[in-house]
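To find a chain, count down the sequence lines: A is the first, B the second, and so on, and within it residues start at 1.
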There are 2 protein chains.
Amino acid sequence: MSHSVYGRLMSVDRTQVLHSAAALLSRKATATMDEVARAAGIGRATLHRHFAGRDALVRALEQLALQELEAAFDEARLDEGTADEAVRRLVAGMEPMAPLLSFLVTENQLFEGDQQNDGWARLDARVSDLFRRGQEQGTFRIDLTPAWLTEALYGLIGAGAWAVQDGRVAAKDFQYMIVELLLGGARRSVEK
Amino acid sequence: MSHSVYGRLMSVDRTQVLHSAAALLSRKATATMDEVARAAGIGRATLHRHFAGRDALVRALEQLALQELEAAFDEARLDEGTADEAVRRLVAGMEPMAPLLSFLVTENQLFEGDQQNDGWARLDARVSDLFRRGQEQGTFRIDLTPAWLTEALYGLIGAGAWAVQDGRVAAKDFQYMIVELLLGGARRSVEK
DNA sequence: ACCGAATGAGACATCAATGTCTCGCTAGAT
DNA sequence: ATCTAGCGAGACATTGATGTCTCATTCGGT
């Protein structure tokens with residue numbers, strides 16, 4: 001009896017398939033199952049063996065995103081240091097999954113009417129708490145609700161990913177543009 | 001011979017159909033032609049008589065959005081008053097088409113590889129010019145490029161539309177949240 | 001060297017959406 | 001009152017993606 005990581009043989013790495021699917025779908029949301037399979041370098045039948053259908057694939061992508069986001073949030077240590085610094089660490093940690101995020105956000109129209117996956121609620125709460133902490137510490141203005149700042153963060157990350165992919169913003173400026181707009185805003189502040 | 005507005009009889013109002021299609025598609029981007037027809041209160045065959053196919057429908061929606069955005073930009077008088085005030089007028093004028101905008105932005109993955117519709121380029125240029133003007137007048141920081149601020153504006157409007165539709169932000173706060181974040185940012189400024 | 005599990009390729013049925021057509025009807029013009 | 005353009009409803013063929021199956025092959029473990 002052989003058992004590798006998960007107790008059985010694994011020729012195709014499920015995670016690797018998901019990542020290439022994410023890369024493709026974030027560029028072409030309507031990509032076919034066959035295109036996803038080819039992009040991952042596997043056959044369509046094999047893709048079907050691992051993910052029952054397109055829905056299952058999207059669900060798996062969502063789970064992957066949730067898991068990686070939780071990890072990124074942990075690593076960003078949202079409750080340490082100033083809220084400013086925590087936001088910077090957060091954006092930096094989220095950059096690698098910006099394309100996947102923007103795909104899932106648009107795909108989340110699937111969940112309209114359905115129960116919201118509470119995994120997203122947990123993440124939203126963590127970000128909201130961060131902004132709330134910044135407000136309580138006097139760093140952030142209190143007239144913008146934490147909920148809105150959370151939405152704005154996602155929106156700006158999506159816009160940034162799109163702008164970079166379209167060549168309107170240099171990839172190296174991704175974090176700076178988002179963080180500076182979110183934290184500092186377009187209006188010039190006398191402090192700074 | 002009879003000729004009304006456009007030289008012939010019109011039982012179904014093409015613009016009205018497009019607006020209801022926009023309302024539906026912004027909520028459910030994968031809506032079927034049949035669903036679009038039902039939402040507009042017409043038959044599927046009739047919808048097909050007016051728009052050859054789904055592509056043609058999306059193109060028409062795009063043209064409608066371009067036309068209404070141009071009008072909104074004109075009415076916002078982007079080159080009058082301070083850049084701040086112009087941005088406020090701009091966001092106010094764009095609010096009614098926020099859902100349509102967010103739909104088209106995600107749908108614009110269709111144009112990947114194709115030629116970008118230069119109508120969008122014109123609009124982008126007008127917004128970019130506004131931000132550039134604000135920079136030259138010393139109101140806006142110069143380390144955020146006009147191109148990025150333009151993308152951010154679209155991104156925030158999309159995020160705002162989504163947040164409102166999802167009940168996370170009150171509709172009446174839509175303009176305020178977007179404008180204040182875009183102009184003032186999350187970091188509290190001593191002036192204000 | 002052997003064996004079995006998993007894969008790739010392809011065939012196949014299914015299904016949903018699309019696009020086209022016909023036909024009976026109605027509203028508006030004359 | 002009549003006529004006709006345009007509509008709704010439905011039937012129909014077509015298309016493309018999906019999901020399932022089979023079979024030969026390959027790769028890893030023993």
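Atom C1' of nucleotide D:dA5 and atom NE2 of B:His50 are separated by 12 Å, given to the nearest angstrom. Atom pair A:Arg38:CZ and D:dT18:P shows a separation of 13 Å (rounding to whole Å applied). For the pair A:Asp13 CG and C:dT7 P, the computed distance is 11 Å after rounding to whole Å. Between A:Leu47 atom CG and D:dC21 atom C1' there is a gap of 17 Å when expressed in whole angstrom units. The separation between A:Ile42 atom CD1 and D:dC27 atom C1' is 16 Å, rounded to whole Å.
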Annotated protein contacts, base or backbone, on nucleotides 19-26 of chain C with a non-hydrogen cut-off under 4.0 Å, one of B, S, - each: BBBB----
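Within the structure, the salt bridge (Lys or Arg N to Asp or Glu O under 4.0 Å) test picks out the following pairs touching residues 145-160 of chain B (sequence neighbours left out): A:Arg168-B:Glu151.
Listed by chain and residue number, A:Thr32, A:Arg38, A:Arg44 satisfy the side chain to side chain contact (heavy atoms under 4.5 Å, CB included) test with A:Asp34 (two or more places apart in sequence, or in another chain). Every side chain to side chain donor-acceptor pair (under 3.5 Å) that A:Glu95 has, sequence neighbours left out, goes to A:Gln175. Every side chain to side chain contact (heavy atoms under 4.5 Å, CB included) that A:Ala39 has, sequence neighbours left out, goes to A:Leu24. Scored by the side chain to side chain contact (heavy atoms under 4.5 Å, CB included) test, A:Ala170 finds A:Lys172, A:Asp173 as partners (sequence neighbours excluded). Under the rule for a side chain to side chain contact (heavy atoms under 4.5 Å, CB included), the partners of A:Thr145 that lie at least two apart in sequence or sit in another chain are A:Ala147, A:Trp148, B:Met177. The side chain to side chain donor-acceptor pair (under 3.5 Å) test applied to A:His19 returns A:Glu68, not counting sequence neighbours.
For C:dG8, one of the phosphate oxygens OP1 or OP2 lies less than 4.0 angstrom from a side-chain nitrogen or oxygen of A:Thr46. Between A:Thr32 and D:dG16 there is no side-chain polar atom (N or O) within less than 4.0 angstrom of OP1 or OP2.
To the nearest 0.5 Å, the span separating CZ on A:Arg141 from CG on A:Leu144 amounts to 4.5 Å.
Residues B:Ala161 and B:Ala98 approach most closely at CB-CB, 3.8 Å, considering heavy atoms.
Mapping B:Gly43 and A:Glu35 onto DNA chain D by nearest heavy atom places B:Gly43 at the nucleotide closer to the 5' end.
In DNA chain D, runs of at least 3 stacked Watson-Crick or G-U pairs (N1-N3 plus N6-O4 or O6-N4, or N1-O2 plus O6-N3, all under 3.5 Å) give these stems: C:1-30 with D:1-30.
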